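Below you'll find the structure, written out as C-alpha cells, and then a few comments.
Just so it is clear: chains get the letters A, B, ... in the order the sequence lines come, proteins before strands, and each one is counted from 1. The model shown is predicted, which means the values in this text are computed figures rather than measured ones.
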Amino acid sequence: MTLLWIALLPLLGVLVPALGARLERRYCSLATGLLPAIALLLTLTQLPSLADGETLRFAVDWVPSLGLDLAFRLDGLSVLFNLLILGIGLLIVLYAHYYLDADEPYGRFYAYLILFMASMVGIAMADNLLLLWMFWELTSLSSFLLIGYWSHRSDARKGARMALAVTGAGGLALLAGLLLVGNMVGSFDMNRVLASSDVILAHEHYPLALGLILLGAFAKSAQFPFHFWLPHAMAAPTPVSAYLHSATMVKAGILLMARLHPAIAGSELWTLVVTLVGMTTLLYGAWFALIKTDLKGILAFSTVSHLGLITALLGIGTPMAVLAAMFHILNHATFKAALFMTAGIIDHETGTRELSRLGGLRRAMPVTALLTSITGAAMAGVPLLNGFISKEMFFTSATKADMLGGISWLLPLLATLGGILSVAYSLRLVHAVFFKPAREAPPSSPHEPPRLMRAPVELLAVLCILVGLLPSPLAGGLMDLATRAVLGEPMNFHLAIWHGFNLPLLMSVIALLAGIGTYLGHRHLRHFLRGFKPVDARLVFEGAVQYTGRQAERLLACFDNGSLQRYMSLLLVTALILAGLGLFRMPSLAGDQPGSELDGVLITGAVLLMFSGIATVITHRYRLISLLMLSMVGLLVSLTFARFSAPDLALTQLSVEVVTMILLMLALFFLPQKTPRESSMPRTLRDSALAAALGMIVASLNYAVLTRDHNSISDFFIENSVPGGGGHNVVNVILVDFRGFDTLGEITVLAIAGLAIFKLLNRLRLFMPHSDVEGRLWSPDRYPMILTTISQALLPLALLVSVFIFLRGHNHPGGGFIAGLITAVALILLYMARGVEWAQSRLDFQYQPVAIAGVGIATLTGLGSWLFGYPFLTSSFGHFHLPLIGDFELATAMIFDLGVYLAVVGATLMILANLGKLTTPHRPSKQGESTTPSEETS
Amino acid sequence: MESLYAITTGVLSACGLYLTLRGRTFPVVVGLTLLSYAVNLFLFSMGGLTTDGAVVINGEDDYADPLPQALVLTAIVIGFAMTAFAVILAMRARGDMGNDHVDGRTKEDSEESRR
C-alpha cells in the first residue's frame, strides 16, 4: 500500500497548485511541496526492507484484457530515481518560487511541474510495461507544457513542439518495441519480462524490438542523432531546464535501458549499438558545449555529452560499468542541476546568458562564483569531487571494454578525448563568467540572489564535495541497491577515491592538463571554426515540418479543389471500381431462379420509363420540360409499385410526386429557366461514359439479385402482424410497430429538414423574373375561376379521403404517411387556387408547431409504454364495440401513426407554404422588410 | 422480366448520375431525384418481384416481401425532404452568390481564379 501512495501522492499533488493558485505565492509553493515531500519520506522508510534484499511490489488489475495492471515496484533503481526526482524536485520548487516573476501564473507552472514529477515517479516505479509506457508519454506531454510555458515566445513554442515531436515519435517506437517484447514473453508484467531474457534474446524479432526500444530511449535521452531537441528545449524557464533537462527527464531513456538491462542487454548487438551511440554523443555534445556561447546552450550540450557517457557505460554492460553508470546518474544530477540553477541566477541578476556579455562577476557575486566553481569542477572531474570518482570508473570501464575487437584501444582514447573536452568547457564556463574581465557591462547591475534562492545550489554543491570525499559511506548503500536491481545480483565493490597509480589515473591527469591547454588555445579554435557555417537544428526541423505540410497540401489539392463536379466524379469512379471488382469475382451473373414471363403492359411501362428518364437528361437545359419528363418518371415508378404488389408504395409515391413537382416548379420560378451550355464535348463524353458504366453496374447487380433465391426475415413479420401488431397491412404494421423506432427517426429527420428550410428561406434575397423563358409576361389572371371553384369543393372531400386512408391504414393500404401527404396536397391546392394571402388568413396557424407536435406525439406514444413497464415503443391493441358502428379495433400504434401524420403534414406545408410566401410580400422573415421583390430582379 | 426491370433501373441510375455531374444546381437536384427513383426501385426489388401478392393478410400465403416495401416507403418521404432541402439550398445559393453554379463561387471568386 505504501508503494501505491508513493506513486499516487505526487499525482494528487498536481491538484494542489492548480486549486491553490489564488493563494499567496508563499503558501502555494509550500503546499505544492507538501505531498512530494511526504512521498520522499515514504520512499526513505522503505530503505531498510530494501536493504534486506527484498523487491517491494504492489499490483491491482486495471485492464486485464489488455494486460495492463496498476503495478508498482520499489527496487534499488526506483529508489535512486525517486530520490533524484522527488529530492531535486523539491529544491526546484523552492528555486522556482524565487525565479518566476511576480505576475507569472505560478499555479499553472507548479501544476505542470508536479505533473511531470508524478509521471517520472511512475516510470521509475512502474512494474508493468504498458504502465511504464503510459507514464513515459505523460512525461513527454508535461515536458511539452513546461517548455512552452512562456507561450508568448516563438522560440518556446517551437522548442516545445520539437521536443514533443521527437520524444513523442520515440514514444511510439517504444510502444511498438514494448508490445513486441510483451508478445514474446506473453506478459507485460515486469518481473516476468526481466526473468525471460533467454526467450527474448533467442526470438527472431529481437533485433527489431531492441531497435524500437532503443529508438525511444535515445530520443528521450537526447542521444545522437536525436540530440537536437534538447538545446532548443532550453527556451523553457530555467527551473525546468535544471529539473527536466539535466536531472530527470532526459535520464528516462537511461532509466529505461537500465530497467530492461537484465531482459534485453545480453547481446553483442546491444553492446555495440549502445556503446557506439553513447560514445558518439559524448564527443559530439562535448565539442558543441565547447563552442557554444549561450550559458544554457553550453549546459545543454554538456548534458547531451554526459548522457552519452552514461549510455556508453550501459552499453559496455560489465558490472563495473553499470556501477559507474548508476553513480554518474547520481553525480551528474547533483552538479548539473546546481549548474543550471546558477545559470538561472546569473540570467536573473544580469539579464543575459551570453558569455560575451558576461565576465568578472566574482566581485558582485562571490558566493555564487564559489558554488559554480565547485560544481563546475565536479563536472570536469577534478579530484576530491564526486564527478572525479565516476569519471575514473568510466575510464576504467573503457580500458577494459573489448567489444571492438582489435581496435578496442579506440575506446579509452575517445574517453580521454571526451574528458579533455569536458575539462575545457567546464573551465570556460566558470572562468568566462566569473574571472575573466568583462568586455561590456551587463544589462543590469548584478548582485547576490535571495538567500533561499541560492540554498538549493548550496545544498547540491555540498553534496558534490561530501560524496567526493566520502563516497562509500554516503552513496555506497544506494549504489549497492541500484546495481543489484540492474544486474539482478549483488555485486562486490568499494567506492574509493584512490586506486593507486594506474591507467585511469593517467587518463584523468591527461584530461585535466590537456583540457586546460585546450581552453587556453580556445581563441584559435574559435577562429578556425568561423570558417564553418553553423547548422541550426531548429531551422532544419521547422523546414522539414513546413515541407511536409506543403507536400500534404499539394497532395490534397489534387483532389480537393473546391469543385463539386470533381468530388462527384471521384466518388463515382471509386464506386465503379469497387462494385466492378465485386461483380468480377462472381462466378456468373445470372442466378438459378427461373425468370417470369413478360407481357405487353410491362414492356410498354419499361420503355416509357426509360424514355422519360432519358428525355429528362436530354432536355435538361430546358428546365421546365426536363421537370415535366421527371414527373413522368415519378408516375411510372408509382405504377411499377402498384404492378408489383406494393399498393402502399404506389400511393406514397403518387402523393410525394405531386408535392415534389409543386416544390420544384416553385423553386424553378426563382432560378434561371435555362442551363447555359458549359461542359466541353470531352467532358460530356466522359460524364456520359461514367454514368453509363455505373448504370450497367447497377443493372447487373439488380439482375444478379433478382435471379437468386434469398432468405428474408419477412416471414416473421407476416406471421406476427395480426397476432402481434393487431393489423392486417404488414407494411404499415412494420412502420408503426415492428420498426417504429426507425419511423420515429425518419419523421424527426423530416421535421428537421422542414425547420432547416424555414431557416434558409429567412432573409433570402430573391431574383424574381417578370416573364417566362420565352419573354412572355405572366398572366394577369392570377387565380383561374375554375380552379378556385373546384379546389374549394375538393378540399373537404380530400380531407375526408385522408381521414379514410389514415384510419384504414392498419389493415388496408394507407396509413399516416400517405394520409399526411394527401392532406398536404389538398391544402396546397387551396394555396395555389386562391393565393397565399387568402389561404393564410383562413389557415391562421404556424406549421412548425404541427410538425414538432407530430414528432412529440410519436415519441410520447413510445414513452407511454414505459409507464406499463414495457420497452420503448411497445404497442398494444384491443377490440372495441360501439353501437351503430360495430366491432372495431384500436391500437396504440394508431396514436403513433397520428404523430407520423402530423409530422408529415407539418413538414410538407412548412416547406411549401413558406416557399410560396416568397412570391408575395409575406416573406417568412423578421417584420419590417416590405421591399418589393421585383426590385431585385436579375 | 427480371432483365427488363434491371435494365430499367440501370438506365434510370445512369440518367440520374449524369445529371448529378452537371455544373448547375437545378439539373443536379433533378438528377438526385431521378437517382432516388432508381435507388427506390432497386431496393424495392430486393424482395423479389411479386404479382398480385399485396401484403394484406387475408388467409392466403403467397405474399410479397413487406420489409423492402416498408423501407422504401420511408425512403420516398425522406427523399422528398432531401430534395426539398437541396433545392432550397440552391435557391439560397443563388440569392447569396448571384449565380447557380454548384461550387458556390461568388462572382469575385471566379474572376480571381480566372486571373
Side-chain angles (χ1 to χ4, degrees), chain A residues 562-565 568 595-596 598 606 609-610 613 617 620 623 626 630 633 637 644-649 652-653 656 660 663 667 670-672 675 678 687 691-692 694-696 698-699 702-703 706-707 712 714 717-718 721-722 728-731 734-735 746 749-750 753 757 760 764-765 817 911, chain B residues 1-15 17-21 23-24 26-27 30 33-34 37 41-42 45-47 49-57 63-67 69-70 72-74 76-78 80-81 83-85 87-89 91-92 94-95 100 102-103:
Chain A
S563 156
L564 182 76
Q565 285 167 288
M568 279 301 295
S596 345
L598 273 176
L609 199 50
M610 285 188 265
V617 172
H620 83 268
R623 294 179 173 180
S626 175
L630 182 70
V633 179
V637 168
F644 293 113
S645 325
D648 290 276
L649 286 191
T652 315
Q653 179 66 56
V656 164
T660 310
L663 170 81
F670 299 107
L671 289 170
T675 308
E678 278 180 326
D687 288 350
L694 273 162
M696 281 184 242
V698 171
N702 202 354
Y703 183 72
L706 281 176
T707 49
S712 170
S714 298
F717 296 129
I718 292 171
S721 178
V722 176
H728 291 266
N729 181 2
V730 186
V731 176
I734 291 178
L735 282 176
E746 321 261 10
V749 172
L750 193 64
I757 287 168
L760 274 177
L764 175 58
R765 286 190 298 144
F817 273 118
I911 296 165
Chain B
M1 183 179 81
E2 278 76 13
S3 50
L4 189 65
Y5 189 95
I7 290 169
T8 315
T9 2
V11 169
L12 287 185
S13 319
C15 293
L17 289 173
Y18 177 79
L19 285 182
T20 54
L21 287 168
R24 299 284 166 164
F26 196 78
V30 170
T33 315
L34 205 51
Y37 289 146
L41 282 177
F42 184 88
S45 71
M46 290 301 106
L49 300 175
T50 318
T51 309
D52 295 333
V55 249
V56 178
I57 306 291
Y63 298 116
D65 193 339
L67 190 61
Q69 294 193 17
V72 171
L73 200 152
T74 47
I76 293 171
V77 181
I78 293 286
F80 163 68
T83 308
F85 187 77
V87 80
I88 305 288
L89 202 59
M91 279 174 60
R92 181 87 210 191
R94 193 195 179 207
D100 66 338
V102 284
D103 295 345

Which atoms of A:I734 approach chain B - backbone, side chain, both or neither, heavy atom under 4.5 Å: side chain
Best-contacting candidate, A:D648, A:L630, A:L735, against chain B by heavy atom pairs under 4.5 angstrom: A:L630
Region of B:L12 that comes under 4.5 Å of a non-hydrogen atom in chain A: side chain
Trace of the side chain to side chain contact (heavy atoms under 4.5 Å, CB included) decision for B:Q69 with B:V55: CA-CA 10 Å; B:Q69 294 193 17; B:V55 249; 4.0 Å; yes
A:H728 side chain to B:V56 backbone, donor-acceptor under 3.5 Å: no
Heavy-atom proximity to chain A below 4.5 Å, by part of B:L73: both
Beyond-backbone contact of B:L49 with B:M1, side-chain heavy atoms, under 4.5 angstrom: yes
Which atoms of A:F717 approach chain B - backbone, side chain, both or neither, heavy atom under 4.5 Å: side chain
Side-chain donor/acceptor of B:Y5 to backbone N/O of B:L41, under 3.5 Å: yes
Proximal component of B:F85, with respect to chain A [non-hydrogen, under 4.5 Å]: both
Heavy-atom contact with chain B under 4.5 Å, split by part of A:M568: both
Interchain contact, A:V722 with chain B, by part (heavy-atom threshold 4.5 Å): side chain
Side chain proximity check, B:F80 to A:L663, heavy atoms < 4.5 angstrom: yes
Heavy-atom contact with chain A under 4.5 Å, split by part of B:D100: side chain
Pick from A:P672, A:S712, A:A753 with the largest number of heavy-atom pairs that fall under 4.5 Å of chain B: A:P672
Residue part contacting chain B, namely of A:I911, when any heavy atom lies under 4.5 Å: side chain
Among the listed options A:T652, A:N729, A:D687, A:V730, the residue most often paired with chain B at heavy-atom distances under 4.5 Å: A:D687
Check against side chain to side chain contact (heavy atoms under 4.5 Å, CB included), B:T8 and A:M610: CA-CA 6 Å; B:T8 315; A:M610 285 188 265; 4.0 Å; yes
Region of B:I7 in contact with chain A, defined by heavy-atom distances below 4.5 Å: both
Choice from B:G47, B:A64, B:S45, B:S3 maximising heavy atom contacts with chain A below 4.5 Å: B:S45
Portion of A:A692 that has a non-hydrogen atom of chain B nearer than 4.5 angstrom: backbone
Contact check, side chains of A:L694 and B:S13, non-hydrogen atoms, under 4.5 Å: no
Segment of A:Y703 engaging chain B (4.5 angstrom heavy-atom cut-off): both
Partner chain B: residue of A:S721, A:S626, A:S563, A:S645 with the largest heavy-atom pair count (under 4.5 Å): A:S645
Contact origin within A:T675 toward chain B - heavy atom pairs under 4.5 Å: side chain
